Structure formats: structure tokens, C-alpha cells
J.: 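Below are the C-alpha cells for one structure; questions will follow.
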Amino acid sequence: MPIPNTLAVRSWIATTLIILLFLGTALSSGFLAWAAQNDAKAINTAGSIRMATYRMNFLLVADQSSAELRAADISSVQQINQLIDDMNRRQSLLQQYQSQRTNKDTRIDRQIERIHQGWTQTLMPLLLARDSVGFYKASLPYIQQVDAVVSQLQYRNEQRQNRQQLLQLISMSLMILIMIGGIYELRKKVLLPVKKLMQAKAAFTSGKLETRVHLTGYKEFEELGRSFNDMVSTIEQNKQFLERQITSKTAHLTQANQVLSLLYDFAKYLTTSQVSITELNRLIADFGKIIPELEFTLCIKGDLIDNKDAIAIHSSELRDLCSTTTCDSCLIQSSFYTESFLIRHQKSQFGDLRVRPKSLGISRPTEQATPSENRIPLVQIAQLDSMIDDTETQALIANNKPAITALTNLISTAMFLLQQRQQEHQIILLEERATIARELHDSLAQSLSYLKIQTTILEKRLQHTHCDSPDLALVSDSIGKLKDGLTSAYQHLRDLLVTFRLSLNDDSFDEALHNSAEEFAKKGGFNVKVSNQVISLNLSASEQVNVIQIVREALSNICRHANAKNVTVNFGYIADSNDTLLSISDDGKGLSGSFDQTHHHGLMIMQERAKSLGGQLTVSNNEPTGTVVEARFSPDFFNG
């Protein structure tokens with residue numbers, strides 16, 4: 001329902017009243033002026049009656065005293081007739097004037113009627129009789145009556161003038177009162193609301209967005225005040241919205257700048273150095289600080305062999321509560337609330353980056369959920385399902401997906417470069433080792449073969465020589481030992497040549513371990529079980545070769561000395577550290593009590609290789625029987 005325009009209505013009412021008063025005053029003034037004009041004519045007419053009476057007296061007196069007038073009787077009669085006609089006309093005009101509705105007055109009517117009767121019944125007969133004395137006597141009261149009529153007419157005219165002035169005064173007073181009331185109402189209901197509105201506008205312009213105005217008066221201004229308040233509220237809400245948007249956009253740009261700076265620094269690092277788990281830890285931790293609402297876990301694993309554990313790199317709280325050797329120790333595996341981004345470059349896959357909202361808390365699988373005395377109880381995901389807004393969690397990851405994708409692309413590039421550099425180092429190392437193998441084969445192997453042949457010839461000649469010297473048996477024994485030493489050296493050389501000719505391409509480190517184990521299992525006639533949990537990407541080319549050589553040397557010793565039936569080769573990570581452990585155990589005859597490592601060249605070679613890896617090698621008895629060879633070291637990938 002539209003609001004009535006009370007200001008316009010009252011303005012029109014006031015204007016109409018003023019106009020009506022003005023028109024009423026003008027019309028009444030005009031009417032009174034017209035009436036006053038008729039009064040003046042009536043007074044003049046009455047005065048002319050009086051003058052005509054004087055002329056008639058003068059004419060009658062002159063007619064009696066002048067012989068010439070008597071001689072000219074005809075002319076005198078004409079004059080008298082003219083005076084009578086003039087008097088009748090004047091009497092008629094006076095009666096017509098008085099007969100008007102505006103001039104109705106009983107007293108004046110009676111007086112005019114007496115004047116008319118005095119004329120027709122007294123004066124006119126005396127005039128026709130030319131009785132100057134009688135006419136004169138009768139004319140005196142007649143003139144008094146005329147004077148009375150004139151006085152009455154003048155009095156009525158004065159009364160009319162007074163009424164006109166009073167009416168004008170009343171009209172003027174009313175108009176003044178209306179104007180004063182209008183001015184007061186305009187001040188109270190227009191000027192003051194406008195002033196309040198201007199003050200509110202000035203306060204709002206100065207920055208006080210909470211400014212509100214309460215206007216009283218006309219409904220139009222009340223509606224204007226409400227409109228102003230609505231406008232101010234809308235502007236305030238829009239300003240707050242824009243400030244939130246600016247803050248959000250600024251935070252987003254700041255976050256994007258931090259992400260770009262972080263990725264740029266990491267990319268710059270890749271141009272000069274090889275990626276390591278330390279740098280990946282720093283990268284994931286810094287990225288988690290930039291986007292603190294999300295939890296990140298980088299799982300580095302191979303895609304060709306399924307039994308390998310992954311390297312888990314966590315962004316924040318998970319780093320202290322979850323293992324770094326598996327991505328499944330905490331509930332960070334792919335789930336409804338976790339999104340996985342593949343770390344893939346071309347055809348190579350290096351793992352995935354798992355992202356989930358930090359608000360989900362941290363939990364372990366059910367079988368590991370029993371907390372120890374010193375461990376903080378972890379939140380179960382099932383308890384949080386009812387408190388999680390799926391839309392918000394999905395939007396949280398979706399809003400940061402470009403940055404996360406850029407991070408995964410950079411990590412993919414880093415891992416690919418690491419793999420490429422490892423392959424290059426492998427190629428260089430293997431080419432160098434192949435060259436050494438060829439040199440050994442062409443020089444030392446041939447020399448040993450020649451010496452072995454010559455020793456055999458010497459032994460046969462001594463057998464066909466007839467000599468009774470007691471030293472012959474000693475010489476034969478020395479030649480036998482020399483032959484055995486040459487055979488052993490030759491076998492070691494052949495083993496070295498096989499090792500030098502190993503080829504490690506792509507993810508063949510695990511395959512090389514299995515092949516070496518199977519090779520010596522066939523030679524030694526024992527069962528072998530190989531368990532490799534270390535990703536080849538975590539090992540440099542020289543570390544892979546040294547590990548395989550330690551395994552081959554240990555298996556060679558088992559094959560020659562242990563008489564074992566079962567052999568186990570384990571290579572995996574050590575929990576809560578950056579170290580890996582290589583263990584070769586058997587169920588053979590074990591070590592003798594007088595075992596001296598310095599007289600076993602194979603053990604010395606393994607110790608030297610363990611030192612070159614930055615670790616240490618230990619040899620001990622296995623329970624209940626057998627030997628355990630353990631090499632513990634930390635790969636360069638974890639210490640970069």
C-alpha cells in the first residue's frame with residue numbers, strides 16, 4: 001500500500017486556504033466597492049433631490065416676483081414640468097437603488113417611501129399650483145427627510161467600509177496565522193529532519209558507517225530516514241564484504257606469492273643440487289605452513305614392486321606421531337576426506353601427495369589405536385564424521401588445488417631429475433666397472449690362468465721326477481697350497497668380474513638382489529629368501545652397487561664355508577631414524593671361537609664397502625645356528 005504524501009497534501013491545503021482567503025477577500029472587497037459605488041450614486045441622487053427642491057423654491061419665488069416670468073408663462077410651465085420629470089426620475093433612481101437585495105433596509109425604505117409620498121402628495125401639487133409659500137413651508141421638512149436619508153445612506157456606506165476592512169483584517173490575520181503555522185511545521189517537520197539527515201550524511205561521509213538517523217514528522221521524511229538507514233546498512237555490509245574479499249584476495253595473493261617463492265627456491269635448488277629427503281621435508285613443512293588448514297603427506301614409493309615400504313614425509317603434527325617408513329601407519333591413506341595427487345613424470349610414477357583437512361584430527365588404524373602411557377591419545381575419524389562439513393572440506397582442497405598441483409609437478413620433476421642423475425651415475429659407474437672388468441680379464445685373469453697352468457705343469461713334472469730327497473714332499477705341499485691359492489684368487493676374480501658387469505637400469509636394484517641370491521643359492525645348494533623394502537630411488541648408483549657387492553660377498557662366503565640350508569636377505573628401513581639395515585643370515589655352522597676377521601679378505605672387503613657407504617658392518621652368530629652379517633648405513637638421499 002503506497003504511503004500518502006502528507007507533505008504535499010498539507011502544502012496543497014495551506015496553499016488552497018490562502019488562495020481561498022485571498023479570493024474571498026478580493027471578491028468581498030470588489031462587492032463592497034461596487035456597493036459603495038452605488039451608495040455614492042444614491043447619496044448623490046438624494047442630494048440632487050434636495051437641490052431640485054431648492055431650485056423649485058427659487059423658481060416659484062422668482063415667478064411671483066418677476067413680471068417678465070409671468071409674461072412668459074409658457075416658459076415657466078415648461079421649466080416646472082422639466083423639474084417635475086427630473087424629480088420623478090431621481091425618485092425612481094433612488095427607489096431602484098433601494099429595491100436591490102443588497103440594499104434592503106426597512107428604515108431607509110420607509111424614509112424613501114415618505115420622501116416619495118411627500119413629493120407626490122404634497123410638494124408636486126403645491127408646485128403645480130405655484131404656491132410658493134406653501135411649497136416653501138412643505139419643503140423644509142421634506143429636505144430634512146432627504147437629509148435623513150442621505151445620513152442613513154452614508155452610515156450604511158460607512159458600515160460597509162468597516163465590514164470590508166474587518167474582513168480584510170480577518171483574512172490577513174488568517175493568512176498570517178496559516179503562514180506562521182506552515183513555517184513552524186516546515187521547521188519542525190521539514191527543516192529539522194533535513195538537518196538531522198545532513199548531519200547523518202556528514203558523519204557517514206567522515207567514515208562512521210554505523211551512523212543511523214531517526215526522523216520524525218511527515219511520513220515522507222520517516223520513509224526517507226528508513227531509506228537512508230537501509231542505504232547505509234547496505235553500504236556498510238557491502239564495505240565489510242569488500243573488505244573481507246580484499247582480505248581474502250590479499251591473503252590468497254600472499255599465499256600464492258609464498259607458494260611461488262617456495263617453489264622457485266626449490267626449483268633453483270634443483271639446478272645446482274640433487275634432491276634429498278631433508279629438502280623434501282623442508283619443502284612439505286614450509287608448504288604446510290603456507291596452507292595451515294591442510295595436512296600434507298608425501299608418499300615416495302616405487303610402482304614396479306609392491307612389497308616396498310614408502311617413505312612418508314609429513315607436514316606438521318603427523319611428523320611426530322606417524323612413522324616415516326610407511327604411509328599407512330596413520331589414517332592418511334586415501335579416504336573420503338583425503339585426496340591423492342600422483343607424483344608422476346612421463347611414464348615414471350614416484351608415489352603420491354595425500355592432502356586432507358587438518359580439522360579431521362589424527363588417528364591410527366584400529367589395531368594400533370591402544371595408546372601407551374606416554375603417547376597422546378589420537379582422535380578417531382569415526383568420531384568426527386558428524387562434525388565435518390563435506391562441502392567445506394572439499395572446497396578447502398579445491399580452492400588450493402592449483403598450488404597443490406604445482407607442488408606435485410615440481411616434486412615429480414625433482415624425483416625424475418634424481419632418477420635421471422642416478423641413471424647417469426649408474427651408466428658412468430657401470431661403464432667404468434666394465435672397463436675395469438675388461439682390464440682385469442685381459443691382464444690379471446690371464447696372468448692367474450697362466451700361473452695356474454704353470455703350477456699344474458710343475459706339479460705333474462714333480463710327480464714324474466724320481467727323487468729321494470726328503471724336501472720333495474714339502475715342495476709338493478707348497479705347490480698344492482700355491483695351486484689352491486691361485487684357484488681361490490681366480491674364483492674371486494671371476495666373482496669380481498661378474499659383479500663389475502652387473503647392469504642396474506631403472507628399478508632393477510631389487511631384481512639384481514634376487515638374481516644374485518638365486519645365483520649363489522644354486523651354487524651353494526641352499527634355499528634363499530630375499531625381502532627388500534628400500535626403494536632404488538633412495539639409493540645412489542654407488543650405494544646400490546656396494547649393497548649388491550656386500551650381499552654377493554656374504555653369499556659367496558656362505559656358499560664356500562657355511563654349509564647352510566636356509567639363507568635370508570633382508571634390506572629395509574630402521575624405524576625413527578634415517579638409517580637402512582642390510583642383513584644376511586644363515587643357519588650354517590657359524591663362526592668358530594678363534595675367528596679372526598683380519599685373515600678373511602671377503603670380510604675385509606665387506607667392511608671397506610660398508611665404510612664407503614658411511615656405515616658399519618658387524619658379523620655375529622645367529623641363533624640357534626649360523627651367522628648374521630649386518631651393514632647399517634644412512635643413504636645420501638636422507639642426509640642431503
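Just so it is clear, the structure is predicted and the values come from calculations on it, not from any experiment.
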J.: Taking side-chain contact (heavy atoms from CB on, under 4.5 Å) as the criterion, tell me which of Leu298, Ile290, Ile284, Ile343 meets it with Leu407.
T.: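 So, applying the side-chain contact (heavy atoms from CB on, under 4.5 Å) to Leu407 and each of Leu298, Ile290, Ile284, Ile343, only Ile284 qualifies.
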J.: Do the side-chain N and O atoms of Thr297 and Arg356 include a donor-acceptor pair separated by under 3.5 angstrom?
T.: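 No, no side-chain donor-acceptor pair sits under 3.5 Å.
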J.: Do Arg552 and Ser516 pass the side chain to side chain donor-acceptor pair (under 3.5 Å) test, and can you show the C-alpha distance, the side-chain angles, and the key distance before you say yes or no?
T.: CA-CA 6 Å; Arg552 291 180 65 85; Ser516 297; 3.2 Å; yes
J.: Look up atom CG in Asn570 and atom OG in Ser531, then write down how far apart they are to the nearest 0.5 Å.
T.: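 Between Asn570 CG and Ser531 OG, I get 5.0 Å after rounding to 0.5 Å.
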J.: Check this for me, if you would: do Glu223 and Arg226 make a salt bridge, where the nitrogen-to-carboxylate-oxygen distance has to be below 4.0 angstrom?
T.: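 Looking at Arg226 together with Glu223, the answer is yes, because their closest N to O distance falls below 4.0 Å.
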J.: Tell me, do Pro635 and Thr580 make a side-chain contact under 4.5 Å, heavy atoms counted?
T.: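 A side-chain contact under 4.5 Å exists here.
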J.: Taking the inter-plane angle between the rings of Phe287 and Phe296 on a 0 to 90° scale, is it parallel (under 30°), tilted (30 to 60°) or perpendicular (over 60°)?
T.: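 Plane angle over 60°, so perpendicular.
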J.: Does Asn229 reach the main-chain N or O of Val213 with its side chain, forming a donor-acceptor pair under 3.5 Å?
T.: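 The answer is yes, because a donor-acceptor pair under 3.5 Å joins these two groups.
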J.: Considering only heavy atoms from C-beta outward, does the side chain of Gln258 approach that of Thr254 to under 4.5 Å?
T.: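 Side-chain contact under 4.5 Å: yes.
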J.: Check this for me, if you would: do Glu339 and Lys401 make a salt bridge, where the nitrogen-to-carboxylate-oxygen distance has to be below 4.0 angstrom?
T.: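 Yes, Glu339 and Lys401 are salt-bridged.
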J.: Within a reach of under 6.0 Å around CE of Met231, are more than 12 heavy atoms found that belong to other residues, nucleotides or ligands?
T.: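 Buried by this count: over 12 neighbours within 6.0 Å.
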J.: Run the numbers on Arg354 and Glu295 for salt bridge (charged side-chain N to carboxylate O under 4.0 Å, His left out), then give the verdict.
T.: CA-CA 8 Å; Arg354 297 173 185 179; Glu295 184 74 57; over 6 Å; no
J.: Within a radius of less than 6.0 Å around CD of Glu293, do more than 12 heavy atoms belonging to other residues, nucleotides or ligands occur?
T.: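 Enclosed.
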J.: Taking atom OG of Ser620 and atom CD of Glu630, what is their separation to the nearest 0.5 Å?
T.: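 It is 6.0 Å, given to the nearest 0.5 Å.
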J.: Would you say Ser248's side chain and Gln245's backbone share a donor-acceptor pair under 3.5 angstrom?
T.: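 Checked: no pair found.
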J.: Considering only heavy atoms from C-beta outward, does the side chain of Asp352 approach that of Phe341 to under 4.5 Å?
T.: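 No, too far: nothing below the 4.5 Å cut-off.
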J.: Identify whether the distance between the nearest side-chain nitrogen and carboxylate oxygen of Glu608 and Lys611 falls below 4.0 Å.
T.: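 A salt bridge is absent here (no side-chain N lies under 4.0 Å from a carboxylate O).
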J.: Decide yes or no on side chain to side chain contact (heavy atoms under 4.5 Å, CB included) for Phe633 and Val547, but give the supporting numbers first.
T.: CA-CA 10 Å; Phe633 69 97; Val547 169; 3.8 Å; yes
J.: Side chains of Arg282 and Thr278: do they bring a donor and an acceptor to under 3.5 Å?
T.: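 Absent: no donor and acceptor within the cut-off.
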J.: Within a strict 4.5 Å, meaning less than it, do heavy atoms of the Asn557 and Glu553 side chains meet?
T.: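 Result yes, sub-4.5 Å side-chain heavy-atom pair found.
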J.: Output yes when a side-chain donor or acceptor of Gln544 lies under 3.5 Å from a complementary backbone atom of Leu539, and no otherwise.
T.: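 Yes.
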J.: If I take atom CD from residue Glu543 and atom CG from residue Leu613, how far apart are they, to the nearest 0.5 angstrom?
T.: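 So the gap between those two atoms works out to 6.0 Å.
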J.: With the side chain counted from C-beta on, respond yes when Phe266 and Leu280 share a heavy-atom pair under 4.5 Å apart, and no when they do not.
T.: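 Yes, at least one pair of side-chain atoms sits under 4.5 Å.
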J.: Going by an N to O cut-off under 4.0 Å, is there a salt bridge joining Asp587 and Lys565?
T.: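 Between Lys565 and Asp587 there is no salt bridge, as every charged N stays at least 4.0 Å from the carboxylate O atoms.
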J.: Using a strict threshold of under 4.0 Å (side-chain N to carboxylate O), is an ion pair present between Lys523 and Glu519?
T.: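 Result for this pair is yes, salt bridge flagged.
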